> 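Just passing along the structure, written as structure tokens.
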2 protein chains.
Amino acid sequence: MTNVFDDPRITAVGLLYEVHAGLSARFAAQLDEQGLSVVEFEVLTRLARSPGNQLRMTDLAAQTSLSTSGVTRVVDRMERDGLLTRRACPSDRRSSFAVVTAAGMQRLDETLPGHLRIIEQWFTGQLDPEALAALLDGLRRVRDAVHPYATAGSTDAAPEQEIAAADGAGRP
Amino acid sequence: MTNVFDDPRITAVGLLYEVHAGLSARFAAQLDEQGLSVVEFEVLTRLARSPGNQLRMTDLAAQTSLSTSGVTRVVDRMERDGLLTRRACPSDRRSSFAVVTAAGMQRLDETLPGHLRIIEQWFTGQLDPEALAALLDGLRRVRDAVHPYATAGSTDAAPEQEIAAADGAGRP
DNA sequence: GCCCAACGACTGCCTCAGCAACTATAGCCA
DNA sequence: TGGCTATAGTTGCTGAGGCAGTCGTTGGGC
């Protein structure tokens, strides 16, 4: 058994994937307590951080891991649950906005502190500041290489969006 | 707009997720050319690195991101495609092994070099050795915290499994 | 002003994966 | 030995999400 699988490259990827999976599981568990899925939380977050707490469906898709049809359905569910509303775009009758409702904002407010706590507890708090900086620096460089445009649904746009990077994609 | 979303913790997670998504997309694209999905590749890999190129269904589930029912179905598909076979376990008639066929090994051989090249190109090769070491070290520490048991399907076992960590889970 | 290609959202159909229920076997204990 | 519980694998049902096709709208070229 000539173990090709001990290759450090494989190990590196495995590490990355395990961290991702581990954190995702923690997030999912906490969000679940608040009645949110990971995607719903992401949608809520991206809308809440946009001007007017709203985004066109397409822009929302570009900012998430979803296709436009995927967005249609999440928004369906979240509208049904009262977290979001659709609003017609006055200047382009093809477009519509997804807007966070008061209930949606409240849900997000209830969820965020716990979410941050979990990140702190399982990720950022695990390393001393300088090790964390090194980790993030490495990640950033890799990210700049693979680029975020690889996200499904977006054609080629979205030049810089670090899940929390503000570029105000709303153009009504 | 008091931007809670610029919080460095959120940014850190965003970075991690973007890297994961970016790499995953590259992997998926390359594997797709070889007619494999990401899970199929993972299954193939885990089997190929196990003694006898085989693993019991349950152990396979524990080593992947799948539940046991998920494993049943992937193995169904891969068996249909001739990459795998089921073999009865002689000592426990409830169990069965998933075994990589010659065709499966060949497919893996055709796929691995390209896969490694992609890792090199978009991940490990993006950083000088010492930055990479720092990145991996950070990841390892976080991984040790979130622990791999968080992977769906495994109850609590799998003490150390770095996607490439050999602990030979086959116990026939 | 008219036409046509491009675009935004939505829907039908499909695949994938999880949970829970079910079957068959194993191993324990009286 | 006979029963009882735990375990391995499979299957029915369900929800999520992607692709491709549809419909209405837009905007540029003429």
Side-chain angles (χ1 to χ4, degrees), chain A residues 21 24-25 28-29 31-32 35-43 54-81 84-99 150-157 169-172, chain B residues 21 24-25 28-29 32 35-43 54-62 64-81 84-98 151-157 169-172:
Chain A
S24 292
L31 292 174
D32 193 65
L36 287 177
S37 74
V38 176
V39 266
E40 286 165 353
F41 177 70
E42 196 191 353
V43 164
Q54 60 179 3
L55 232 35
R56 298 187 323 154
M57 301 294 277
T58 308
D59 296 327
L60 184 54
Q63 287 193 24
T64 56
S65 51
L66 293 172
S67 67
T68 61
S69 78
V71 165
T72 295
R73 293 177 224 260
V74 202
V75 172
D76 281 349
R77 296 196 292 274
M78 297 178 73
E79 192 169 28
R80 168 172 54 74
D81 296 347
L84 259 50
T85 328
R86 266 174 247 245
R87 178 181 334 198
C89 175
S91 63
D92 185 341
R93 298 172 58 185
R94 293 170 303 179
S95 291
S96 53
F97 286 101
V99 197
T151 319
S154 66
T155 24
D156 211 328
R171 41 183 172 293
Chain B
S24 292
D32 193 65
L36 288 176
S37 74
V38 175
V39 266
E40 286 165 353
F41 177 71
E42 197 191 352
V43 165
Q54 62 181 1
L55 232 36
R56 299 188 321 154
M57 301 293 277
T58 308
D59 296 327
L60 183 53
T64 56
S65 51
L66 293 172
S67 66
T68 61
S69 78
V71 164
T72 295
R73 293 176 223 263
V74 201
V75 172
D76 281 349
R77 297 197 293 273
M78 296 178 74
E79 191 168 29
R80 170 173 52 75
D81 296 348
L84 260 49
T85 327
R86 265 174 249 244
R87 178 180 334 193
C89 175
S91 62
D92 186 340
R93 298 172 58 184
R94 294 169 303 177
S95 289
S96 52
F97 287 101
T151 319
S154 66
T155 24
D156 211 330
R171 42 182 173 292

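Here is how names work: the chains are called A, B, and so on, in the same order as the sequence lines, proteins then strands, and each is numbered from 1. Worth saying up front: this structure is predicted, and the values here are computed from it rather than measured.
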> What pairs of nitrogen or oxygen atoms, one from the protein and one from nucleotides 2-7 of chain C, lie under 3.5 Å apart?
from: C/dC7; atom 1: O2; to: A/R94; atom 2: NH1; distance (Å): 2.8

> Write down the distance between CG (B/D32) and P (D/dG18), rounded to a whole number of angstrom.
15 Å
> Can you check the B/D92 CG to C/dG27 C1' distance for me, whole Å?
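My rounded result for the distance is 10 Å.
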> Please tabulate, one pair per line, each protein N/O and nucleotide N/O from nucleotides 10-12 of chain C that are separated by under 3.5 Å, including the distance.
from: C/dC10; atom 1: OP1; to: A/R86; atom 2: NH1; distance (Å): 2.6
from: C/dC10; atom 1: OP2; to: A/T72; atom 2: OG1; distance (Å): 3.2
from: C/dC10; atom 1: OP2; to: A/R86; atom 2: NH1; distance (Å): 2.9
from: C/dG12; atom 1: O6; to: A/R73; atom 2: NH2; distance (Å): 2.2

> Rounded to the nearest 0.5 Å, how far apart are CG of B/L60 and CZ of B/F97?
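These two atoms lie 11.5 Å from each other.
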> When you get a sec, tell me which of C/dA26, C/dG8, C/dG18 is the closest nucleotide to the side chain of A/S95?
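Among the listed nucleotides, the one closest to the side chain of A/S95 is C/dG8.
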> Determine: side-chain N/O of A/R77 to OP1/OP2 of D/dG17, distance under 4.0 Å, yes or no.
yes
> In whole angstroms, how far is the C1' atom of C/dG27 from the CZ atom of B/R93?
15 Å
> Going by heavy atoms in the side chains, are B/V74 and B/E40 under 4.5 Å from each other?
yes
> Could you state the atom-to-atom distance from CD of A/E40 to P of D/dG17 in whole Å?
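So the CD-P distance, A/E40 to D/dG17, works out to 8 Å.
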> I want to check something: taking the side chain as every heavy atom from C-beta on, are B/E79 and B/T85 in contact at a cut-off of under 4.5 Å?
yes
> What's the shortest heavy-atom distance between A/S37 and A/L31, and which atoms?
O-CD1, 4.1 Å
> If I take atom CD from residue A/Q54 and atom CZ from residue A/R87, how far apart are they, to the nearest 0.5 angstrom?
5.0 Å
> Out of D/dA16, C/dG18, D/dT25, which has the shortest distance to the side chain of B/S67?
C/dG18
> Can a donor-acceptor pair be found between the side chains of B/R56 and B/S95 at a distance below 3.5 Å?
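Indeed, the side chains of B/R56 and B/S95 share at least one donor-acceptor pair under 3.5 Å.
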> Starting at atom CG of A/D81, determine the distance to atom P of D/dG15, rounded to an integer number of angstrom.
13 Å
> Just verifying a value: how many Å separate B/E42 CD and B/L36 CG, rounded to the nearest 0.5 Å?
12.5 Å
> Expressed in angstrom and rounded to an integer, what is the separation of A/L36 atom CG from D/dA16 atom P?
13 Å
> Within the structure provided, determine whether A/V71 and A/T64 are in side-chain contact (heavy-atom separation under 4.5 Å).
yes
> Check whether any side-chain heavy atom of B/T72 sits under 4.5 Å from a side-chain heavy atom of B/T68, and report yes or no.
no
> Round to the nearest Å and state the distance from A/L66 atom CG to D/dC19 atom C1'.
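The distance from CG of A/L66 to C1' of D/dC19 comes to 14 Å, rounded to the nearest Å.
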